[in-house]
Structures are given as C-alpha cells and as structure tokens.
Amino acid sequence: VQLQASGGGLVQAGGSLRLSCVASESILTMKFMGWYRQAPGKQRELVAGITSFGDTNYAVSVKGRFTISRDNAKNTLYLEMNSLKPEDTAVYLCNAVTGRWYWGQGTQVTVSS
C-alpha cells in the first residue's frame, strides 16, 4: 500500500488547513487509519485516528480543533485542522494498518504566530 499525503503549508495562527492522504488501493480493508506528526526534537505522536467502523480518537491537544474523516469511495483520508497554533507545526504523516503498518511520506505544516 502506498500513501500520498498532501495539503500542508504555511498558515498564520488561527488559520485552517485540510490534509489529504490518498491510498493506492481500497481503504475498506484498513482496520485503522491515522495522522501522526513529528516536530523537530520531539517524538512522533498520534494526532487523530479512525477505525473501519468510523470510530475516531484525538490527541488531547487537538480535540475540538481537528477532525479526521475517510472517504472510502475515493480511498482518501482527511484531516481538517482549524484554529491552528504555532505548536501544531510539524511534519504530518498518514498511516494505515491492515495486518501491516504503512506510512506516507509526510507533509509539512508550519503555523506562524
């Protein structure tokens, strides 16, 4: 499975971005899909995840600001990010889990104060 992430960029604090992650095959078989982020000098962290049943979970730091969703027909995972803060600056990576773990290449999100 190949995952292609896009949608990152430079935005001012308080702004919004929508990340997309397109999979090379059907995501119906993917038990879990998620968005992780990694900032310089910090560990990779799970930002938001969604199961094949549509159950979602969020990091405390983004709850109420970010929304994860999946479009099975388009084989695409989304992350809608609102009220962005400088501390959201990181490389965002999409992840998919079947019996194995797959990672996309990441997209840079930079939030200026």
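One is the number of the first residue; the rest follow in order along the sequence. These numbers were taken from a predicted model, which means no experiment stands behind them.
- Between the side chain of Arg44 and the backbone N or O of Ala39 there is no donor-acceptor pair closer than 3.5 Å.
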**Report entry** Test side-chain contact (heavy atoms from CB on, under 4.5 Å) applied to Thr107 and Ser6, step by step
**Finding:** CA-CA 6 Å; Thr107 185; Ser6 62; 5.5 Å; no
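- Once rounded to the nearest 0.5 Å, the distance linking CG of Leu93 with OH of Tyr36 reads 10.5 Å.
- Cluster annotation: Phe32 is connected to Trp101 through the hydrophobic network of ILVMFWY side chains, with a link wherever side-chain heavy atoms come within less than 4.5 Å.
- The other members of the hydrophobic cluster of Val1, by chain and number, are Leu3, Val11, Leu17, Leu19, Ile27, Met30, Met33, Trp35, Val47, Ile50, Tyr58, Val62, Phe66, Ile68, Leu77, Leu79, Met81, Leu84, Tyr92, Tyr102, Val109, Val111 (side-chain heavy atoms under 4.5 Å, ILVMFWY only).
- Checked by atom type and distance alone, the side chain of Arg65 pairs as donor or acceptor with a backbone atom of Ser61 at under 3.5 Å.
- Counting only residues at least two apart or on different chains, the salt bridge (Lys or Arg N to Asp or Glu O under 4.0 Å) pairs with a member in residues 8-37 are Arg37-Glu45, Arg37-Asp88.
- With 3.5 Å as the limit, one finds no donor-acceptor pair spanning the side chains of Thr76 and Asp71.
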What verdict does the side-chain contact (heavy atoms from CB on, under 4.5 Å) test give for Ser52 and Leu28, after you've listed the backbone C-alpha separation in whole Å, the side-chain angles of each residue and the deciding distance to 0.1 Å? CA-CA 7 Å; Ser52 57; Leu28 287 173; over 6 Å; no
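- Enclosure of atom CD in Gln2 is not indicated, since only 12 or fewer non-hydrogen atoms of other residues, nucleotides or ligands lie within 6.0 angstrom.
- Interatomic distance, OG of Ser20 versus CD of Gln4, reported as 11.0 Å (0.5 Å rounding).
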Please walk me through it: do Asn57 and Leu46 pass side-chain contact (heavy atoms from CB on, under 4.5 Å)? CA-CA 9 Å; Asn57 65 288; Leu46 176 64; 3.6 Å; yes
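- In terms of modelled atom types and a separation under 3.5 Å, the side chain of Gln105 and the main chain of Ala5 share a donor-acceptor contact.
- Annotation for Ala13 and Pro86: closest pair CB-CD, 4.1 Å, computed over non-hydrogen atoms.
- Gln38 and Lys42 make their closest contact through NE2-O, 3.3 Å (heavy atoms, listed as atom of the first residue, atom of the second, distance).
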